[in-house]
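Below: one structure, written as structure tokens.
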Amino acid sequence: MTQFQGSHILSVNQLNIDAIQEIFAVATRMTPYALRQKRTKVLDGAILGNLFFEPSTRTRISFGCAFNLLGGKVNETVGMETSSLSKGESLYDTARVLSSYSDVIAMRHPQAFSVREFAEGSRVPVINGGDGSNEHPTQALLDLFTIQKELASRGQDISGMHIAMVGDLKYGRTVHSLSRLLCMYKDVTFTLISPKELAMPDYVIDDIENAGHKITITDQLEGNLVQADILYLTRIQEERFPSQEEANKYRGKFRLNHNIYTKNCKSNTVIMHPLPRDSREQANELDNDLNSHPNLAIFRQADNGLLIRMALFALTLGVDSQLEQHECPVIWYSQKASI
Ligand code: NCD
């Protein structure tokens, strides 16, 4: 059994299949709380330090909301300019101090490996909310959880599936982390579709190959999706490019809409995207005309993110066995039907 209590969650590499299944089992137990069917106050009195030094909507708010749903309080720091990091303070010092004010910390930062450096100074568990183009472990877990659920509803497993990853595979940290999680399963086929300049880094390709999986690498979308069970789209990570002009070269290169989907994919291919999707006209990588398509899983991914983050808080703070003991009823009107 993995020792979660008191541990940092910095990289998917620290997990194995048993640990992943343990996280998913706790995440599943979080469903009635996320749906507001009942409450748990298991983290009443606990404080989350939510430190986001890079733009974020879903990840930051779902970390905070997950903590609130377990009864805890959230202290937010958003943006480098409002923190003493902009005065030259080290990540170590910031961590040493802020960890005295928190029971657990979630952190996002633009530099690769910065969250690991921060964790070295922290006296409480640190959860990586994305470190530059390196990793995004909680997103990868929620993506994998979504894949497992979507495939299960089709009678399929993760082992043996075919995933097509599309877009900016060079700077997209979500595909780096997800690929490594998929290396823990058997017989996964990868089709990696990107402009040549934005190809998946060699170290991730090596991991995929060493796991014995099949890979096709191409810069063409159409004609390469026909076998895909999962189609995972990504945004051009413009903030990691040397200039906007450089990013503009790749924007809108790969687009999915209802027509392209119907022509190129199997009728049950699951459409995923970590979000935000770039909906500006020059990009429009995932068209609104698929919004009500039953195979569009993007909002289910975001909902699953809440469950995964609740599970990680419960596990790292060692209260996963006490959720039910601290339950109470929801007394307000609530109508959330499903996740
Ligand atoms: C992703 C990220 O921040 O890496 N977003 C997210 O956390 N859901 C993907 C992106 O920004 O394109």
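Every number for a ligand or one of its atoms is a count from 1 in the order of the listing.
- The line from CG of Asp131 to NE2 of His136 is 10.0 Å long, rounded to the nearest 0.5 Å.
- Residue Arg108 places a heavy atom under 4.0 Å from ligand 1.
- Both tests pass for Arg309 against the ring of Phe63: distance under 6.0 Å to the centre and angle within 45° of the axis.
- Proximity of Pro274 to ligand 1 is established by a heavy-atom distance of less than 4.0 Å.
- For atom 11 (O) of ligand 1, the closest heavy atom belonging to the protein is Arg235 NH2, 2.9 Å.
- Contact atoms of ligand 1 toward Gln139: 6 (C), 7 (O), 8 (N) (distance under 4.0 Å to a heavy atom of the residue).
- At least one donor-acceptor pair under 3.5 Å links the side chain of Gln237 to the backbone N or O of Arg235.
- By heavy-atom distance, the residue among Arg173, His136, Glu239, His176 lying nearest atom 3 (O) of ligand 1 is Arg173.
- Atom-to-atom distance recorded for Tyr261:OH and His293:NE2 is 4.5 Å, nearest 0.5 angstrom.
- The CD1 atom of Ile298 sits 5.0 Å away from the CG atom of Leu275 when rounded to the nearest 0.5 Å.
- How far CG of Asp143 is from CD of Gln148: 13.0 Å, rounded to the nearest 0.5 Å.
- Of the heavy atoms in Thr174, only side-chain atoms (C-beta onward) come closer than 4.0 Å to ligand 1.
- Within ligand 1, the atoms closer than 4.0 Å to a non-hydrogen atom of Leu275 are 1 (C), 5 (N), 6 (C), 8 (N), 9 (C), numbered from 1 in the order shown.
- Remark: among candidates Gln237, Arg60, Arg58, Glu54, the nearest residue to atom 12 (O) of ligand 1 is Gln237, based on non-hydrogen atoms.
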